[in-house]
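One structure is given here, and the rest of the page talks about it.
Lettering follows sequence order; numbering is per chain, from 1.
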Amino acid sequence: MYLKFKDEVLSVLSNAVAKAGFEAEDMALNEISEIIYANIKIPPDSFIEKAVTAGPYINFFVSRSFLNETVLRVLLERENFGNLDNRGKVILEHTSANPDGPLHIGHIRNSVIGDTLARVLTRAGYDVETQYYINDMGRQIAVVVWGLENFKFDVSKKKDHAIAEVYINANKNLVDEKEHSPEVDAIMKKYETGDPETNKKFKDAIDTAMEGIKESLRRINIHHDKFTWESQFVRGGDVNKMMERIKKLDRAMIKDGALMVDLNDVGIQKSLVIQRSDGTSLYTTRDLSYHEWKAKQCDRMIDILGADHKLISSQLKAMLRILGLKEPEIVIFEFVSLPEGSMSTRRGVFISADELLDEVEKAAYEVVAKKLPEKDEDFKRKVAAFVSIGAVRYDIIRISPEKATTFNWKEAVDFEKQGAPFIQYSHARACSIIRKAQEDGIAFEVFDPNVLLEEQEIALIKKLSGFENAIDIASRDLKPNILAIYARELADAFNQFYRYVPVLDAEPEFRAARLALVDCSRIVLANALDTLGITAPESM
RNA sequence: GGGCUCGUGGCUUAGCUUGGAUAUAGCGCCGGGCUUCUAACCCGGAUGUCGAGGGUUCGAAUCCCUCCGGGCCCGCCA
């Protein structure tokens with residue numbers, strides 16, 4: 001029963017003092033520790049009950065009043081427990097996959113990281129707006145538009161998948177018969193000039209693909225507040241203004257008719273092309289305008305980007321800094337590859353998010369049917385749905401974004417590991433106890449938290465108290481996996497309590513306090529799951 | 001070739017920013033636990049040169065250097 005102050009002021013202080021003291025006076029760490037210890041004065045009624053020396057360490061123990069306060073606060077704050085008081089508007093951009101096919105398992109790593117961070121930041125107090133940036137001016141969309149005129153659009157398929165089929169066919173054809181390439185160039189040029197007929201074709205193609213993409217996102221509890229089209233910055237003149245502005249910089253240069261900037265002095269060897277020799281803009285130029293536009297509307301900008309954007313995003317940041325504009329905070333996640341190599345929509349080599357969800361849901365259904373054979377069909381389907389979505393989201397978010405992963409079907413459909421279902425199950429257990437208590441008319445509004453003295457009870461309360469800290473760290477460092485780990489540890493603590501401490505069969509005074517603790521667990525498990533975008537079921 | 005990044009038991013992984021107590025947890029493996037609130041659970045055990053080597057330090061998984069291995073990037077593409 002001890003609280004580690006590793007991350008807290010006290011231990012940092014004692015450690016620092018100990019180190020400084022050692023260097024200055026050549027004393028042993030243990031002696032320093034003793035001196036500090038001798039001078040510790042704990043005020044009565046504080047959240048620290050006592051301090052104990054252990055060699056070079058000083059351990060502080062939490063007090064009863066801290067534990068009691070935690071329980072009472074959770075019951076008082078309910079679904080708001082864990083909310084922090086940060087302020088400000090955040091625009092968080094995530095997913096932003098090109099609308100040339102369905103989301104694949106690499107894209108949803110972006111989506112899940114982005115959506116979880118949006119939820120974490122919201123809980124941390126920020127006003128969060130999520131955006132999907134639609135790259136409608138790239139060549140790949142022109143290929144889709146050209147493809148729609150030359151290949152069959154399979155109406156029997158989900159729309160984004162049908163678009164992908166057209167896109168793949170078009171690419172194959174463009175490689176085989178090079179003479180069609182100018183047709184695509186012509187489409188691109190027409191779109192850039194704003195030809196109404198071409199505009200409509202692009203809008204139809206993109207809307208079609210986006211309809212399917214949004215459907216997939218909705219399935220995993222993800223929604224975007226705003227969809228921003230890249231072309232609006234070209235049409236609105238922002239991109240031209242940006243190019244004119246950059247032209248005036250000392251570091252700007254014209255090489256073979258193209259406008260470039262030198263970024264050597266900021267550690268980037270590659271010079272950045274801002275404007276093509278034909279006067280048109282590039283992706284990065286439009287991205288500069290997009291960020292300038294976003295910056296005006298918020299206090300913090302956060303972009304979730306794949307590892308292939310590392311160079312381009314550092315160029316973007318450097319450029320914004322040079323222009324005196326606000327820079328985004330960028331969360332880079334590494335690639336999800338297939339055992340046979342990296343994925344490519346263009347080549348048709350990918351596993352779609354839909355396919356993954358279908359397979360995982362199928363596997364989940366089999367597990368449910370085996371574990372709960374007496375339940376009706378509707379129940380089994382519902383459970384399979386939220387368990388599979390939870391499992392997919394949890395499996396993605398538990399891994400640090402900077403870790404590259406290789407997709408594995410066997411692991412993807414494995415429910416035996418301690419993932420989301422484990423946490424959901426713990427929540428359902430807690431709900432079950434509360435439900436039974438209500439059915440039996442057992443009240444627990446009045447209770448004495450001082451009777452919660454069992455080792456498992458104290459461990460559980462301490463774990464409950466850590467939720468705010470988890471939100472704080474996850475939101476500050478933009479590390480959503482912190483929360484995934486916390487949720488699992490909380491479920492772990494609850495299950496140990498559940499196993500060792502009887503609730504409904506306990507003596508009335510213990511029963512009331514323990515029911516309150518179960519209620520606390522239920523609340524915080526639900527809050528943690530909600531922040532992870534995972535359903536907290538009342539039964540499963 | 002240059003830049004960035006990752007390397008922790010058989011597998012997956014936490015910790016690394018800010019050096020400190022027996023290196024976190026899961027899967028798998030071995031053994032135990034359902035007449036008791038949902039066993040998708042709980043308990044115990046085995047398994048580690050923290051990629052390698054050097055350096056800094058009283059002390060290194062953590063900081064610095066070199067090397068090895070994997071990934072990503074290096075286009076008037078996005």
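Residue contacts shown for A:Ile399 are limited to sugar-phosphate atoms, with no base heavy atom under 4.0 Å away. Using a 4.0 Å heavy-atom criterion, one finds that A:Ala307 contacts the sugar-phosphate atoms exclusively. Nucleic acid contact class of A:Met540 (heavy atoms, under 4.0 Å, all strands): base. Residue A:Arg286 is in sugar-phosphate contact alone, with no base atom involved, counting any heavy-atom pair closer than 4.0 Å across all strands shown. In this structure, A:Asn408 reaches neither bases nor backbone, as no heavy-atom distance under 4.0 Å exists between it and the strands shown. Nucleic acid contact class of A:Val383 (heavy atoms, under 4.0 Å, all strands): base. Using a 4.0 Å heavy-atom cutoff across all strands shown, A:Val273 reaches sugar-phosphate atoms only and no base atom. Looking at heavy-atom distances under 4.0 Å, A:Gln315 makes no contact with the nucleic acid at all. Across all strands, A:Tyr498 comes closer than 4.0 Å to base atoms (heavy-atom distances).
Taking side-chain N and O atoms only, A:Gln496 has a distance below 4.0 Å to OP1 or OP2 of B:C43. For B:U38, one of the phosphate oxygens OP1 or OP2 lies less than 4.0 angstrom from a side-chain nitrogen or oxygen of A:Lys436. A sub-4.0 Å separation between OP1 or OP2 of B:G75 and a side-chain N or O of A:Lys270 is present. Note on A:Lys310: every side-chain N or O is 4.0 Å or more away from OP1 and OP2 of B:C73.
Every pair passing side chain to side chain donor-acceptor pair (under 3.5 Å) that includes a residue from residues 381-395 of chain A is listed here, sequence neighbours excluded: A:Asp115-A:Arg393, A:Thr116-A:Arg393, A:Glu377-A:Arg381, A:Asp378-A:Lys382, A:Asp395-A:Arg398, A:Asp395-A:Lys417. Pairs passing the salt bridge (charged side-chain N to carboxylate O under 4.0 Å, His left out) check and including a residue from residues 271-283 of chain A, sequence neighbours excluded, do not occur. Every pair passing side chain to side chain donor-acceptor pair (under 3.5 Å) that includes a residue from residues 487-497 of chain A is listed here, sequence neighbours excluded: A:Ser426-A:Asn495, A:Arg429-A:Asn495, A:Lys463-A:Glu489.
Under the side chain to side chain donor-acceptor pair (under 3.5 Å) rule, A:Asp303 has a single partner from A:Gln131, A:Lys294, A:His94, A:Lys317, which is A:Lys294.
In this structure, the nucleotide among B:A40, B:A78, B:C6 sitting nearest to the side chain of A:Glu402 is B:C6. Side-chain atoms of A:Lys403 lie closest to B:C6 of the nucleotides B:C6, B:G15, B:A78. Ranking B:A40, B:C76, B:A78 by closeness to the A:Val387 side chain, first place goes to B:A40. Residue A:Ser400 has its side chain nearest to B:A14 when only B:C37, B:A78, B:A14 are considered. Between B:C37, B:A40, B:A78, one nucleotide has an atom nearer to the side chain of A:Asn98 than all others, and that is B:A78.
For A:Glu192, the side-chain hydrogen bond (donor to acceptor under 3.5 Å, both in side chains) test picks out no residue, with sequence neighbours left out. Among residues two or more places apart in sequence or in another chain, the ring pair (Phe, Tyr, Trp, His ring centres under 6.0 Å) test is passed with A:Phe233 by A:Tyr290, A:Trp293. Under the ring pair (Phe, Tyr, Trp, His ring centres under 6.0 Å) criterion, A:Phe444 pairs with no residue, sequence neighbours left out. Here A:Phe447 pairs with nothing under the ring pair (Phe, Tyr, Trp, His ring centres under 6.0 Å) rule; sequence neighbours left out. Under the ring pair (Phe, Tyr, Trp, His ring centres under 6.0 Å) criterion, A:Tyr425 pairs with no residue at all, not counting sequence neighbours.
Shown for residues 330-341 of chain A: residues whose heavy atoms fall under 4.0 angstrom of RNA chain B, namely A:Glu334. Near RNA chain B, meaning a heavy atom under 4.0 Å away, the residues from residues 421-429 of chain A are A:Pro421, A:Phe422, A:Tyr425, A:Ala428, A:Arg429.
Taking CD1 of A:Ile113 as the reference point, atom NZ of A:Lys479 lies at 13.0 Å (rounded to 0.5 Å). The structure places CZ of A:Phe202 at 10.0 Å from CH2 of A:Trp229, a figure rounded to the nearest 0.5 Å.
Using a 4.5 Å cut-off on side-chain heavy atoms (C-beta onward), A:Phe497 and A:Glu454 make no contact.
The C1' atoms of B:C42 and B:C4 are separated by 45 Å, rounded to the nearest whole Å. With P as the reference atom, B:U24 and B:A61 are 13 Å apart, rounded to whole Å. One P atom belongs to B:G54, the other to B:U5, and the distance between them is 25 Å to the nearest Å. Nucleotides B:U47 and B:A60 place their C1' atoms 24 Å apart, quoted to the nearest Å. Nucleotides B:U62 and B:A14 place their C1' atoms 13 Å apart, quoted to the nearest Å. Look at the C1' atom in both B:C64 and B:G31: the space between them is 47 Å, to the nearest Å. B:G15 sits 15 Å from B:G51 when the P atoms are compared, rounded to a whole Å. Going from the P atom of B:A21 to that of B:C16 covers 13 Å, rounded to whole Å.
The base of B:C37 is not paired with the side chain of A:Ser432 by any donor and acceptor separated by under 3.5 Å.
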List the atom pairs, donor and acceptor, that lie under 3.5 Å between side-chain atoms in residues 500-519 of chain A and the rest of the protein, sequence neighbours left out.
unit_1	atom_1	unit_2	atom_2	d
A:Arg514	NE	A:Glu457	OE2	2.9
A:Arg514	NH1	A:Pro502	O	2.9
A:Asp519	OD1	A:Arg522	NH1	2.6

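In this structure B:G1 sits in a base pair with B:C74, meeting the Watson-Crick or G-U test at under 3.5 Å.
Using bins of under 30°, 30° to 60° and over 60° for the plane-to-plane angle, the ring pair A:His104/A:His107 lands in the parallel bin.
A:Asn408 places a side-chain N or O within donor-acceptor distance of the main-chain N or O of A:Glu411, the cut-off being under 3.5 Å.
Counting to the nearest Å, the C1' atom of B:C77 and the CG atom of A:Asp100 are 13 Å from each other. The nearest whole Å value for the distance from the CZ atom in A:Arg346 to the C1' atom in B:A78 is 12 Å.
Between A:Phe497 and A:Gly267, the residue anchored nearer the 5' end of RNA chain B, judged by the nucleotide with its closest heavy atom, is A:Gly267. Each of A:Leu311 and A:Pro537 was matched to the nucleotide of RNA chain B holding its nearest heavy atom; the match closer to the 5' end belongs to A:Pro537.
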- Note on the structure: 5' to 3', nucleotides 26-36 of chain B under a 4.0 Å protein heavy-atom cut-off (B base, S sugar-phosphate only, - none) gives SS--------S

